[in-house]
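For reference, the structure discussed in these notes is given below.
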Amino acid sequence: MKRKDRTIKRLLYALKQVWEADKLLLVFSIFKNSIEQIFYVFFFVYLTKYIFNCIERNISYKSLIIFLLVACSLHVCVHFTCGWYEAYRKVKTPEVYRYIFHKVMDLSDSLELKDYESPDFFDKYTRALDRCVDSSIDLAIKTGVYIGNVVSTVASLVIVVTVDPVFLVFMIVPMIVSLYFGNKNGKCNYDRENDITRDKRIADYVKRVYYEKKYAAEVRLFDINSIMLDKQVEAVDKMEKISYKYRMRSAVYSFLMKSSYSILAGIVAYLYVVFKVKLGNVSDVSSYVAMITAMSFSTNQLKQAVENRIFLSNESKLFRNLEEFLTRSMEKENGKPDIGEIESIELQNVSFIYPGAKKETIKNISFRWNKGEKLAIVGYNGAGKTTLIKLLMGLYDPTSGKILVNGVDLKEIDVDSYRERFGTVFQDLQVFAMPLVENVLMRRPVGEEDYKKAEKALINAQFDVEHKGLVNGLDTVVSREFDENGFVPSGGQAQKIAIARVFAAEPDMVILDEPSSALDPLAEYNMYNNMMKLSEGRGVIFISHRLSSARMADKIYLMKDGEVVESGTHEELIANKRYYHEMFTLQAENYQESLPEEMLKGAEAFYG
């Protein structure tokens, strides 16, 4: 009973998505498909019986022809309605897709970053999101068909039973048998889809490697074809083995389902009709002859009803993940206050360990960041610098310790409003296949002022707004994937676009996580110089491997193995002659040795 309640609940949730997207589509889908099935009872069962009765009782052909004309007219109307519905459905399906897709995208930013590091998460949501749009329409259609199947089966059985109640036996027994094996078959197919999800994603990943630009250079420079193809072959082989195991079982269940109809509702029922007619102990031979057609129709309707019921049960399960996701996302931040303008952020003994990891990435870190302060976080690769930044922004929750914003625990405030007050550039930054102005503003420009704002931000980020590749100026699309006149930025240009977003946003606090790794040292120096000038009065944290940039900071934190092992100003850390002094001296010597003589004067300005 509980399983049935869950199925109905999920089915109603799925239908609700279509209702919210387009009410008429849902009503029309259910009405059209149910009425269509019910009409067939009249057309194939009652009409057949009526014709035989007219012939046997010598009823006038005029009455019969009028009745047939009415029936045929209704049939034409039903087909006309079906044609109009199909056209309407094809037009409206993209709207349903857009509605559900937007609903998911609007709420996806509430997912925690750790979710994206879990293979189980990807398996779960791949199953849900890949098919939820198509399935929502299918469920609306199948619900209508199922209602029609049930009503038409009952109606045809009423007609059949009025002729001979024994016919009921030939319907009920195969219905019970098919329901039993149909449920087993449905579960079998659902389990198969679950079990092949991981391997299907691997196969899709390999395909992605060969058509996405970011992999193109490595694919051509290194002999990874054999590795990738082996991965795909292995994934496909696993899918075949899993599918074979389930398909064989499914074939047995399907055979038993169909056999119950063919034998009991088909062959045995026909033999019974022949037996009754041959014995001659029936008063209405025409009715029994008509029942052969009726039984065939009733059997088909009953079979469809069982199959559609199983389909509704299995497909509605896909919406469990979607419902959990949307419900969790909507409720997650309810009732939490907006902290307002950020005055300070304080870490108190913060530690963090990634799910499944054996040791902590961040260990017992404490510091305070006040508005207006410029902080630098430097250190060794893998020290946890980027993880620390993501903790600061509420993208991860600390395993232990607290993060206080204006003295309030970060967990107690509206994290979305909190994040909106940051201007951030991560080292794994992204540019998007949309116009340059939108890539900077991260929204559509409203008027000329927005274009001026974006241009100024790009100039401050050292981006050449007169570049010859910008054939349409700031309206040039940053990609050639959809526009042959698009602009393909270099790594350094992409970083400058991302940095320009910060200049354009004018946030309370600025976070720069290795934003200049693709810039030359002098371009980096100029970029940081501009950032510091334009961020006057705002808090700034930046991560950089080039320690010379850290000299601009009010305070420097050096991280090693997830801990802050040194902190202070540049002069204080140099005087300590520990990790920072060693790293800074080594970098300065390397630049002095590697820079051409004509650039040494510039390098002096950079390193001092």
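Worth knowing before you read on, the calculation uses all heavy atoms, side chains too, and leaves out hydrogens, waters and symmetry mates.
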Answer yes or no: is there a side-chain heavy-atom contact under 4.5 Å between [X] and [Y]?
X: I543; Y: L388; answer: no
X: R192; Y: R247; answer: yes
X: L474; Y: V440; answer: no
X: I499; Y: Q462; answer: no
X: I362; Y: M559; answer: yes
X: L391; Y: I365; answer: no
X: V431; Y: P489; answer: yes
X: T387; Y: F352; answer: yes

Please find the pair of heavy atoms, one from [X] and one from [Y], that lie closest to each other, and give the distance.
X: S29; Y: Y85; value: OG-OH, 2.8 Å
X: A457; Y: A500; value: CB-O, 3.3 Å
X: I196; Y: S243; value: CG2-OG, 4.2 Å
X: A454; Y: V437; value: CB-CG2, 3.8 Å
X: L441; Y: A504; value: CD2-CB, 4.3 Å
X: A21; Y: E95; value: CB-O, 4.4 Å

* Asked: Thinking salt bridges, do D450 and R443 make one under a 4.0 Å N-O criterion?
  -> yes
Can you check whether [Y]'s main-chain N or O pairs, donor with acceptor, with [X]'s side chain at less than 3.5 Å?
X: R419; Y: G394; answer: yes
X: K385; Y: Y380; answer: yes
X: R89; Y: L25; answer: no
X: K363; Y: E563; answer: no

Using 0.5 Å steps for rounding, measure from the [atom1] atom of [X] to the [atom2] atom of [Y].
X: R501; Y: T424; atom1: CZ; atom2: OG1; result: 11.0 Å
X: C188; Y: R249; atom1: SG; atom2: CZ; result: 5.0 Å
X: S250; Y: D191; atom1: OG; atom2: CG; result: 11.5 Å
X: Y418; Y: M393; atom1: OH; atom2: CE; result: 7.5 Å
X: I147; Y: F31; atom1: CD1; atom2: CZ; result: 11.5 Å
X: D237; Y: D199; atom1: CG; atom2: CG; result: 9.5 Å

Give the intermediate values and the outcome of side chain to side chain contact (heavy atoms under 4.5 Å, CB included) for residues W19 and V27. CA-CA 8 Å; W19 173 262; V27 173; 3.8 Å; yes
Take Y396 and T361 through the side chain to side chain contact (heavy atoms under 4.5 Å, CB included) test and state the conclusion after the steps.
CA-CA 12 Å; Y396 294 132; T361 303; over 6 Å; no
>> We want to know whether D475 and Y451 form a side-chain donor-acceptor pair, criterion being a heavy-atom distance below 3.5 angstrom.
In response: yes
Worksheet item: Under 6.0 Å between the ring centres of Y244 and Y246?
Response: no
Does the pair E86 and K90 meet the rule for a salt bridge (Lys or Arg N to Asp or Glu O under 4.0 Å), with working shown? CA-CA 6 Å; E86 287 302 322; K90 287 175 182 176; 5.2 Å; no
- request: List the steps and the verdict of side chain to side chain contact (heavy atoms under 4.5 Å, CB included) for E240 and V236.
  value: CA-CA 6 Å; E240 285 180 355; V236 171; 3.9 Å; yes
* Asked: Between K456 and I459, is a side chain to side chain contact (heavy atoms under 4.5 Å, CB included) present by the stated rule, with each step listed?
  -> CA-CA 5 Å; K456 184 179 178 182; I459 292 170; 5.7 Å; no
The side chain to side chain contact (heavy atoms under 4.5 Å, CB included) partner of I377 among I541, I511, D513 is I541
Exercise. Between W84 and Y88, how do the two ring planes meet: parallel, tilted or perpendicular, split at 30° and 60°?
Worked result: parallel
